[in-house]
Amino acid sequence: MNEREEIARVEAVLFAMREPCPSRRLAQLADLEDGSRARALVRMLNERYRRDGSAFCAVEVAGGFQLRTFPQFAPWLFRLQAAPVETRLTPSAMETLVIVAYEQPVVRAAIERVRGVHCGDVLRQLLEQNFIKIVGRSEELGRPFLYGTTKRFLQAFGLMRIEDLPKREFDWATAEEANQIVDEIVEDDEKRAQGLIEGESSAELKKN
């Protein structure tokens, strides 16, 4: 089997797979030597796509390779769908998902401390949409559930592994701490505004 045929086999497997395919599994299905050879052939396939100006690329995501179209083709592809391809997340769901992603495994109480609101309904929504899953129970009183992200989360956000999330520069502020910060900012602004008013008044008196 020559290299061109090997690339064609890899492309055929990726085309048929609905989920990301790990390199070892790709090698088995395409009848290749090993996962390293599969990776090398994926790189060659992508180079051919790039050279030919193709709409496709083989991306490494969620622990494997998946054949996808480039983002610029999304507007045309959406017209072919009877329903949206991806489930849209509400702002509250996205906030909760971000906390779970960075803090996992995390209990519901810890999420609610950061958000400052009850998150039961949002967590259920994320569970139903398969963005998060129950990964165990905490040793805390009552043995609450621990939540973590799923493979679908990695796929949706184009991540190979959870460690590929952007690094956080600051710790979370709880809702109470955030409100306190806002109050302090407002108070400082009011003091500055009052100072400016008093300063302008003093200047006017001196002129007169």
Side-chain angles (χ1 to χ4, degrees), residues 13-26 29 56-71 73-75 77-182:
V13 171
L14 293 177
F15 180 81
M17 297 292 286
R18 304 187 72 175
E19 297 291 331
C21 185
S23 56
R24 288 185 182 178
R25 179 64 174 158
L26 180 57
L29 295 173
F56 300 100
C57 63
V59 298
E60 194 170 8
V61 62
F65 291 101
Q66 188 173 39
L67 199 61
R68 293 186 174 185
T69 54
F70 285 106
F73 296 101
L77 295 176
F78 280 142
R79 297 173 191 169
L80 304 178
Q81 299 293 326
V85 177
E86 293 292 343
T87 303
R88 293 186 180 277
L89 294 174
T90 63
S92 59
M94 183 63 77
E95 289 174 10
T96 303
L97 183 57
V98 167
I99 296 169
V100 173
Y102 277 101
E103 297 297 328
Q104 61 184 307
V106 61
V107 297
R108 171 178 165 179
I111 300 169
E112 292 177 344
R113 266 198 305 274
V114 175
R115 293 204 59 228
V117 295
H118 293 296
C119 297
D121 290 340
V122 178
L123 287 171
R124 279 193 292 273
Q125 174 191 339
L126 292 172
L127 284 167
E128 290 171 359
Q129 294 174 341
N130 196 29
F131 281 110
I132 65 172
K133 61 184 177 181
I134 295 171
V135 296
R137 285 185 178 272
S138 171
E139 295 299 324
E140 297 177 15
L141 183 65
R143 302 290 308 280
F145 288 127
L146 289 165
Y147 297 95
T149 53
T150 62
K151 189 174 181 179
R152 188 192 178 195
F153 168 81
L154 296 176
Q155 287 181 254
F157 290 90
L159 301 172
M160 179 61 181
R161 57 189 67 82
I162 199 64
E163 290 77 14
D164 293 334
L165 280 170
K167 299 301 180 185
R168 283 173 50 203
E169 297 182 7
F170 305 100
D171 289 331
W172 303 112
T174 65
E176 183 179 349
E177 290 169 338
N179 289 333
Q180 183 178 349
I181 292 170
V182 171

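Scope of the values below: all heavy atoms of this structure, side chains included, with no hydrogens, waters or symmetry mates. The structure displayed is predicted, hence computed values, not measured ones.
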Exercise for review: Please determine if R108 forms a cation-pi arrangement with F145, meaning its NZ or CZ atom is less than 6.0 Å from the six-membered ring centre and no more than 45° off the ring axis.
Suggested key: no
Point to revise | Intermediate values then yes/no, side chain to side chain contact (heavy atoms under 4.5 Å, CB included), V61 and L159 | key: CA-CA 5 Å; V61 62; L159 301 172; 5.7 Å; no
Review point. Do the non-hydrogen side-chain atoms of R115 and T96 ever get within less than 4.5 Å of each other?
Key: yes
Practice item. Without swapping roles, check the side chain of S138 against the backbone of L146 for a donor-acceptor pair under 3.5 Å. Key: no
Exercise for review: Would you check if the side chain of R152 reaches a backbone N or O of I132 as a donor-acceptor pair within less than 3.5 Å?
Suggested key: no
Point to revise | Interatomic spacing from OG in S92 to CG in D121 - rounded to 0.5 Å | key: 9.5 Å
Review point. So, for L126 and A93, which heavy atoms are closest and what is the spacing to 0.1 Å?
Key: CD1-O, 3.8 Å
Point to revise | F153 side chain near I162 side chain, heavy-atom distance below 4.5 Å | key: yes
Check your understanding: Is the closest side-chain heavy-atom distance between L29 and M17 below 4.5 Å?
Key -> yes
Check your understanding: Has R25 got more than 12 heavy atoms of other residues, nucleotides or ligands less than 6.0 Å from its CZ?
Key -> no
Review point. Are more than 12 heavy atoms from other residues, nucleotides or ligands located less than 6.0 Å from atom CZ of R137?
Key: yes
Exercise for review: Rounded to the nearest 0.5 Å, what's the gap from CG on L89 to CD on Q125? Could you check?
Suggested key: 7.0 Å
Point to revise | Close side-chain approach of V122 to V117, heavy-atom, < 4.5 Å | key: no
Exercise for review: Would you name the heavy atoms of L14 and Q66 that are closest together and state the gap between them?
Suggested key: CD2-N, 4.5 Å
Point to revise | Of all pairs that satisfy side-chain hydrogen bond (donor to acceptor under 3.5 Å, both in side chains), the ones with a partner from residues 139-149, not counting sequence neighbours | key: Q104-T149
Review point. Hey, are the side chains of V100 and F131 touching, using non-hydrogen atoms and a 4.5 Å cut-off?
Key: no
**Study point:** Any side-chain heavy-atom pair of P20 and Q155 under 4.5 Å
**Key:** yes
Check your understanding: Between R124 and E128, is there a salt bridge with N-O shorter than 4.0 Å?
Key -> no
Practice item. Could you pull out the closest heavy-atom pair between I111 and C119, with the gap in Å? Key: CG2-SG, 3.9 Å
